[in-house]
Each structure stands twice: as C-alpha cells, then as structure tokens.
Amino acid sequence: FFFQIDLIRAKLYQNLKELEQEFPTNFHIFLDLKEHLKELQEDFQDFPTFLSGKILKLPHFDKLLFLQMYKEGKVSIFLDGFDEISPICKEKLMKMFESKQLWVTTRPHLEQDLEKELKVEAYSLVPLTEEEQIDFLVKFWGISENEEGKKFANKLIDKHLRFTEG
C-alpha cells in the first residue's frame, strides 16, 4: 500500500515538473510538510508571507515577486503529508488556505474536514494496477521497455508485496 502511495507521489511530482514547463511564469511549489514541522510550530497570521519567508527562505526581491504572484493566483501549492502533522498545525494551515491553486495530499480520514474548510470537492486517487505500476517504473527509471526491464520492475513489486503482507 505504501509503495502505491510513493508511486502516486512520484507521478504527482513528475506532473508538477511538466506543469512548470507548460506555465513557466507561475510559481509551482511542492512541499513535504513533514520536512517543515519546526517552522509550522511558529505563530503566523499570513500564509503567503510565512511560506515565502520561513519555508522557502526567498531573498527580498523574490519574496516580493512571489507575494504579488500569489495575489494574482499564479502560485500552485502542493502540500504533501497533511495528515502527518499535528492537529494544531492542521488547524492553523486550514485557516490560512486561500490559494485558488492549492493541492493537498492526505489520507481519506481528513477528506471531509478539508472539503468543509476549503469549500471544495476532494478528488480521490485509485490505486494503479500491477501493469500500470510496472509501466510507470520502467518509464520513471528510464530503462528499456524490453522484457528485462519489465521483469525487474515486476520482481520489485512482488518483493514489496511479500514484504508488506507479512
């Protein structure tokens, strides 16, 4: 199951890179919230200023540019690990969310809270089939799509399933 989540997360990150190429005049930010637990404990009232200063640590001019682009809706923010931060941090962040281009990844138990607070509909991801996992790994690693590459990916998936199932 967790291997599945990592594959989805990798695909999301890959799509983010493609989005950056398609819309180079926008800011696209992918944050793993677990990496910023210390900063999230601090008091902050203004999410964009907090994000640009404490998390992204942008220089002054870049910070001003970021804040302007944020106001114009030209900032896409992908927050990963929302379900893995403290309830206090979750509550603080949900009150600060105002970006029109905000993506939050979390486990299903927080879906209703986020829908209510953000006033949006949540999307759910369906697990990849075994064949889709193999195709993804072959493409992600950039290895040949011949039978050897697929066999290697298949063995990895089988080993992972045996390990996680007991």
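Positions are given from 1, in the same order as the sequence printed here.
- Judged by distance alone, the side chain of Glu115 and the main-chain N or O of Glu121 form no donor-acceptor pair under 3.5 Å.
- In this structure, Leu93 and Ile85 have side chains that are in contact, with non-hydrogen atoms separated by less than 4.5 Å.
- With contacts defined as side-chain heavy-atom distances shorter than 4.5 Å, the pair Ile55/Phe44 does not qualify.
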Q | CA sep, side-chain torsions, deciding dist, call: Leu31, Phe78, side-chain contact (heavy atoms from CB on, under 4.5 Å) | A | CA-CA 6 Å; Leu31 290 177; Phe78 297 80; over 6 Å; no

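- Looking at Pro48 and Lys71, their side chains never come closer than 4.5 Å, going by heavy atoms from C-beta outward.
- Annotation: salt bridge (charged side-chain N to carboxylate O under 4.0 Å, His left out) contacts involving residues 57-67, sequence neighbours excluded, comprise Glu39-Lys57.
- Panel note: side chain Ser52, backbone Thr49; a donor-acceptor pair is recorded below 3.5 Å.
- Within a 6.0 Å sphere centred on CD of Glu42, other residues, nucleotides and ligands contribute more than 12 heavy atoms.
- The shortest distance between side-chain heavy atoms of Lys90 and Leu110 falls below 4.5 Å.
- A heavy-atom distance below 4.5 Å is found between the side chains of Ile77 and Phe47.
- Using a 4.5 Å heavy-atom cutoff, the side chains of Val75 and Leu51 are not in contact.
- Not counting sequence neighbours, the partners of Glu72 by the side-chain hydrogen bond (donor to acceptor under 3.5 Å, both in side chains) test are Gln68.
- Counted within 6.0 Å of CD on Gln41, heavy atoms from surrounding residues, nucleotides or ligands total more than 12; the atom is thus considered enclosed.
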Q: Test side-chain contact (heavy atoms from CB on, under 4.5 Å) on Phe50 and Leu40 and set out the steps.
A: CA-CA 9 Å; Phe50 171 77; Leu40 290 170; 4.0 Å; yes

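- When side chains are defined from C-beta on, Phe30 does not count as touching Leu79, because their heavy atoms never get closer than 4.5 Å.
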Q) Stepwise, does the side-chain contact (heavy atoms from CB on, under 4.5 Å) test hold for Leu33 with Asp80? A) CA-CA 6 Å; Leu33 292 173; Asp80 187 33; over 6 Å; no

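- To the nearest 0.5 Å, atom NZ of residue Lys34 and atom CG of residue Asp32 are 4.0 Å apart.
- For the atom pair Phe82 CZ and Cys89 SG, the distance stands at 9.5 Å (nearest 0.5 Å).
- Cluster annotation: Leu65 is connected to Leu67 through the hydrophobic network of ILVMFWY side chains, with a link wherever side-chain heavy atoms come within less than 4.5 Å.
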